[in-house]
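The structure appears right after this line, and notes come after that.
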Amino acid sequence: MQTHLSPAQAASALGVSESSLKRWCDQGLIPIVRTVGGHRKLPVTAVLAFARERGKDLAEPELLGLPKSSGRSIATLDRAVEALTSVLQNSELDQARSIVFELYRAGHGIAPICDQVIAVVFQRLGIAWECGELEIYRERRACEIVFRVLNELSLAIPPVPRGAPLALGATLPSDHYQIPSMMVESVLREQGWQAITLGCNLPAATLIAALREQRPRLFWLSASHIDDQAAFVREFNQLEDAAQGLKIPIILGGRALSTDLRQRLSFTACCENLRELQNLSLTRLQSEKK
């Protein structure tokens, strides 16, 4: 994605006249920055946010560095599930990118796109693989495609305000799944957190060091895969003890957290999906501002 547009480019992307664009800028609806030479530029994220908030379809999304329409008229989450399942089974990166960005441009947030589309699609792909209907390389390629698309989608999120509270996240040893943490990071950033994923497969000791050095206002732990529950509990308890001493809330989530395992852990909250995380993070963000 580009970072800034000229007024003419922004007007063309929105499909409006430059005079209309200037009026919106003068009203403060779309912020403007000036280059060293004094030229006016518009942040791409601000133009996209303006279009999403007002339900305006982009006339030329490619001017913003966004993919063109998928040609499937995907505007609802339910219809997107079928379309994305099909293109990921066939390893079609460009079509997958178009479908996800089409949903985002239509005004859907990161949480519903991930919960109601991407997560459902991966459940279907997982079942197809287990039944021998999908080669493992296609399932892995689907993961790579979604990772790239989510990374690009994160660039479309408007920058968080200066001084926004810090949220850190990671996975413990044996958990190499990157996509869940990337989803969490994007949802929190969309809510206004300075969210940073530290990485995957990290021991509790280095995460404790991060808590002490960075002092985040929230820490999330994703658990998509656990090799040894006893080892996981030991690592988590070390992390939780340190977080409690620093008064840092720990938010848990992930498909590997069974009811039995949760009962052996102490945490601030455990979210079943990203919608719950979104609501929780918004509440905590509001309390941070008081």
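Count residues from 1 along the sequence.
- Although no hydrogens or angles enter the test, the distance criterion places no donor-acceptor pair under 3.5 Å between the side chain of S86 and the main chain of A83.
- Checked by atom type and distance alone, the side chain of E190 pairs as donor or acceptor with a backbone atom of I110 at under 3.5 Å.
- The line from CD1 of I208 to CD of E240 is 10.5 Å long, rounded to the nearest 0.5 Å.
- Annotation: the span from Q214 atom CD to Q194 atom CD amounts to 9.0 Å, rounded to 0.5 Å.
- Checked by atom type and distance alone, the side chain of E185 pairs as donor or acceptor with a backbone atom of T197 at under 3.5 Å.
- No side-chain heavy atom of D78 sits less than 4.5 Å from a side-chain heavy atom of V117.
- At least one side-chain heavy atom of S258 sits under 4.5 Å from a side-chain heavy atom of L261.
- Other residues, nucleotides and ligands place no more than 12 heavy atoms under 6.0 Å from the CZ atom of R148.
- L198 and V184 end up in different hydrophobic clusters when Ile, Leu, Val, Met, Phe, Trp and Tyr side chains are linked at under 4.5 Å.
- Heavy atoms from other residues, nucleotides or ligands lying under 6.0 Å from CZ of R212 number 12 at most.
- Counting only residues at least two apart or in different chains, ring pair (Phe, Tyr, Trp, His ring centres under 6.0 Å) contacts with residues 217-256 are absent.
- Counting all heavy atoms, side chain and backbone alike, H108 lies closest to I113 at O-CD1, 3.7 Å.
- Cation-pi geometry between R255 and Y177 is satisfied (NZ or CZ under 6.0 Å from the ring centre, within 45° of the ring normal).
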| Under the side chain to side chain contact (heavy atoms under 4.5 Å, CB included) criterion, do V149 and L93 qualify, and how do the steps go? | CA-CA 8 Å; V149 172; L93 170 61; 4.2 Å; yes

| request: Test M183 against D115 for side chain to side chain contact (heavy atoms under 4.5 Å, CB included), laying out the working first. | output: CA-CA 9 Å; M183 289 179 173; D115 279 341; over 6 Å; no

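- At distances below 3.5 Å, at least one donor-acceptor pair connects side-chain atoms of Q9 with backbone N or O atoms of S6.
- Contact annotation: the side chain of L274 approaches that of L277 to within less than 4.5 Å [non-hydrogen atoms, C-beta and beyond].
- When atom types are taken as modelled, the side chain of D175 and the backbone of N201 share no donor-acceptor pair closer than 3.5 angstrom.
- In this structure, H4 and T35 have side chains that are not in contact, with every pair of non-hydrogen atoms separated by 4.5 Å or more.
- Residues C270 and L257 share a closest heavy-atom pair of SG-CD1, 4.1 Å.
- No donor-acceptor pair closer than 3.5 Å links the side chain of N151 to the backbone N or O of F147.
- Using a 4.5 Å heavy-atom cutoff, the side chains of I250 and L239 are in contact.
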| Pair I118-V146, side chain to side chain contact (heavy atoms under 4.5 Å, CB included): steps then yes or no | CA-CA 8 Å; I118 296 176; V146 170; 3.9 Å; yes

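- Using modelled atom types, one side-chain atom of N273 and one backbone atom of R275 make a donor-acceptor pair closer than 3.5 Å.
- With hydrogens and angles ignored, the 3.5 Å screen pairs no side-chain donor or acceptor of R217 with any backbone N or O of L166.
- No continuous path of ILVMFWY side-chain contacts below 4.5 Å connects W193 to L221, so the two sit in separate hydrophobic clusters.
- With respect to the salt-bridge test (charged N to carboxylate O, under 4.0 angstrom), the residues E82 and R124 qualify.
- Taken from CD in Q278 to CD in E276, the straight-line distance is 11.5 Å, to the nearest 0.5 Å.
- Within the 3.5 Å criterion, the main-chain N or O of K41 finds no donor-acceptor partner in the side chain of R34.
- Looking at heavy atoms from C-beta onward, I248 lies out of side-chain contact with L168 at the 4.5 angstrom threshold.
- Annotation for R140: atom CZ does not count as buried by contact number, only 12 or fewer foreign heavy atoms lying within 6.0 Å.
- A donor-acceptor pair under 3.5 Å is absent between the side-chain atoms of S281 and the main chain of L188, judged by distance alone.
- Distance CD/Q191 to OG1/T283: 9.5 Å, rounded to 0.5 Å.
- The two atoms that bring C271 and L280 nearest to each other are SG-CD2, 4.1 Å, heavy atoms only.
- A distance of 9.5 Å separates CD in E130 from CD in E139, rounded to the nearest 0.5 Å.
- With hydrophobic clusters built from ILVMFWY side chains whose heavy atoms lie under 4.5 angstrom apart, V160 does not share a cluster with F50.
- Looking at every heavy atom in both residues, R262 comes nearest to E272 through NH1-OE2, 2.7 Å.
- Under the 4.5 Å side-chain heavy-atom criterion for grouping Ile, Leu, Val, Met, Phe, Trp and Tyr, L150 is not connected to I196 through any hydrophobic cluster.
- Side-chain contact between Q123 and L125: absent, with no pair of heavy atoms (C-beta onward) separated by less than 4.5 Å.
- At a threshold of 4.5 Å between non-hydrogen side-chain atoms, the residues P249 and R284 count as touching.
- Counting only residues at least two apart or in different chains, side-chain hydrogen bond (donor to acceptor under 3.5 Å, both in side chains) contacts with residues 13-31 comprise S17-S19, S17-S20, K22-D26.
- Within a 6.0 Å radius of CD in E135, no more than 12 heavy atoms belonging to other residues, nucleotides or ligands are found.
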| Stepwise side chain to side chain contact (heavy atoms under 4.5 Å, CB included) test for E152 and R97 | CA-CA 9 Å; E152 292 179 27; R97 181 189 290 119; 2.7 Å; yes

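- Going from atom CG of L58 over to atom CD of E102 covers 11.0 Å, rounded to the nearest 0.5 Å.
- I179 is not connected to L172 by any chain of hydrophobic side-chain contacts under 4.5 Å among Ile, Leu, Val, Met, Phe, Trp and Tyr, and they are in different clusters.
- The two atoms that bring A13 and L64 nearest to each other are CB-CD1, 3.0 Å, heavy atoms only.
- Shortest non-hydrogen contact noted between P158 and T45 is CA-CB, 3.8 Å.
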